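Written below as structure tokens is the structure these notes are about.
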There are 2 protein chains.
Amino acid sequence: MKELIAKYREKGFKLTPQRLAILKFLDGNTGHPTAEDIYNSIKKIYPTVSFATVYNTLQTLGDKGEILEITIDPQKKHYDPNPNPHHHIICLGCNKIGDIFEDYSEALRLPNRIVEEFKPVGNHINFYGICRECQKKQKRRN
Amino acid sequence: MKELIAKYREKGFKLTPQRLAILKFLDGNTGHPTAEDIYNSIKKIYPTVSFATVYNTLQTLGDKGEILEITIDPQKKHYDPNPNPHHHIICLGCNKIGDIFEDYSEALRLPNRIVEEFKPVGNHINFYGICRECQKKQKRRN
DNA sequence: TTACCAGATTAGAATTATTCTAATCTAAAT
DNA sequence: ATTTAGATTAGAATAATTCTAATCTGGTAA
């Protein structure tokens with residue numbers, strides 16, 4: 001926590017109690033929470049916290065490159081506190097998201113046509129699958 | 001058009017004038033339209049068409065595997081009438097989407113940990129870049 | 001050709017995620 | 001202690017999408 005405080009303060013990030021709670025919730029969290037997940041968690045400690053604060057903080061953290069905004073779920077955004085580029089796999093049954101740290105960049109060579117029209121700056125692979133629990137549920141249904 | 005009609009009729013897809021207009025609009029369209037783009041286009045011919053019809057039709061076409069729903073834009077869904085798996089590149093400036101038909105599947109081997117937890121069934125790569133026009137705009141601003 | 005009905009269409013309301021507003025508050029620099 | 005840029009808040013606004021329930025119609029079969 002001490003490091004968290006120092007880390008953000010030195011980036012000119014004003015450290016309010018609400019923000020600290022958000023940072024603490026995100027720190028090391030691999031569950032890919034949504035804004036609502038974060039809001040619900042923070043509300044337990046700061047019952048008057050507002051969604052605006054959550055969204056503002058996430059926006060700021062994203063701009064600073066401290067978290068990733070994941071658009072793999074068509075319903076809502078998820079947030080990933082690991083800012084190192086990596087990929088994700090989403091369960092088509094329950095929308096659970098897993099992390100994939102494999103580096104495929106070497107293999108992802110783009111055709112010239114694209115390189116000329118777009119200046120590519122990054123990539124993100126969405127893998128799709130069925131998680132173990134959802135596989136079980138499917139079997140039960142059959 | 002004749003083929004379109006035959007193709008969908010034989011899949012038990014009831015062909016209403018509104019649906020035909022949607023199919024015609026989508027056929028060969030590489031602009032990755034949103035539901036609103038489609039609605040606006042169809043409305044010119046059928047002024048009473050409703051968003052529900054557009055969304056219902058897109059949903060049905062998606063379920064039948066005739067179109068792809070693209071979640072690359074955090075604001076809204078885009079639709080791609082080319083159902084063959086392929087990838088996309090989105091301009092970070094204006095959200096324009098380009099198609100990428102390169103096949104990377106051979107290279108995208110997943111770690112065992114993932115294969116065991118999720119049964120992978122597909123993948124989709126989101127590339128990010130800056131399109132020519134947005135590059136020009138950036139230069140002008142400097 | 002007609003009657004039928006499963007499924008399609010419609011207007012408009014509802015829902016949901018996210019953003020905006022404007023008043024108030026506060027972290028942290030001086 | 002004072003100051004102020006930036007953060008917080010409640011609640012309204014916006015925007016995409018889904019739902020509802022009444023009405024309509026394409027396509028099948030009598």
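Just so you know, these numbers come straight off a predicted model, no measurement behind them. First the proteins, then the strands, lettered A, B, ... as listed; each starts at 1.
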Under the 3.5 angstrom rule, does the side chain of A/Arg19 hit a backbone N or O of A/Lys14 as a donor-acceptor pair?
yes
Rounded to the Å, how far apart are A/Glu10 CD and C/dA29 P?
13 Å
Strictly below 4.0 Å: does A/Arg19 bring a side-chain N or O up to OP1 or OP2 of C/dA27?
no
Near DNA chain C, which residues from residues 41-50 of chain B have a heavy atom under 4.0 Å away?
B/Thr48, B/Val49, B/Ser50
When rounded to the nearest 0.5 Å, the distance separating CZ of A/Arg132 from SG of A/Cys91 is 12.0 Å
Tell me the closest heavy-atom pair linking B/Val54 and B/Ala35, and the distance in Å.
CG1-O, 3.8 Å
For B/Lys96, does the NZ atom sit with more than 12 other heavy atoms under 6.0 Å from it, leaving out its own atoms?
yes
Which letters describe nucleotides 18-30 of chain D, given B = protein heavy atom under 4.0 Å from base, S = only from sugar-phosphate, - = neither?
BB-----BBS---
Assess, by modelled atom type and distance only, whether the side chains of B/Thr34 and B/Asp37 contain a donor and an acceptor separated by less than 3.5 Å.
yes
Would you mind reading off the distance between A/Lys76 atom NZ and C/dT15 atom C1', rounded to a whole angstrom?
12 Å
So that I know where these two stand, are B/His88 and B/His32 an aromatic pair - ring centroids less than 6.0 Å apart?
yes
Measure CG/A/Leu58 against P/C/dT19 and give the value in whole Å, please.
10 Å
Measuring from A/Leu58:CG to A/Leu68:CG, what's the distance to the nearest 0.5 Å?
12.0 Å
How long is the line joining OH of B/Tyr39 and C1' of C/dT9, in whole Å?
13 Å
CD1 of A/Ile90 to CD1 of A/Ile72, rounded to nearest 0.5 Å, is 4.5 Å
Rounded to whole Å, how long is the line connecting atom CG of A/Asn56 with atom P of C/dC25?
18 Å
C/dG7 C1' sits how many Å from B/Tyr8 OH, rounded?
18 Å
Test item: side-chain donor near acceptor, B/Asn123 and A/His87, under 3.5 Å
no
Spacing between A/Lys64 atom NZ and D/dG6 atom C1', to the nearest angstrom
11 Å
CD1 of B/Ile22 versus P of C/dA8: gap in Å, rounded?
12 Å
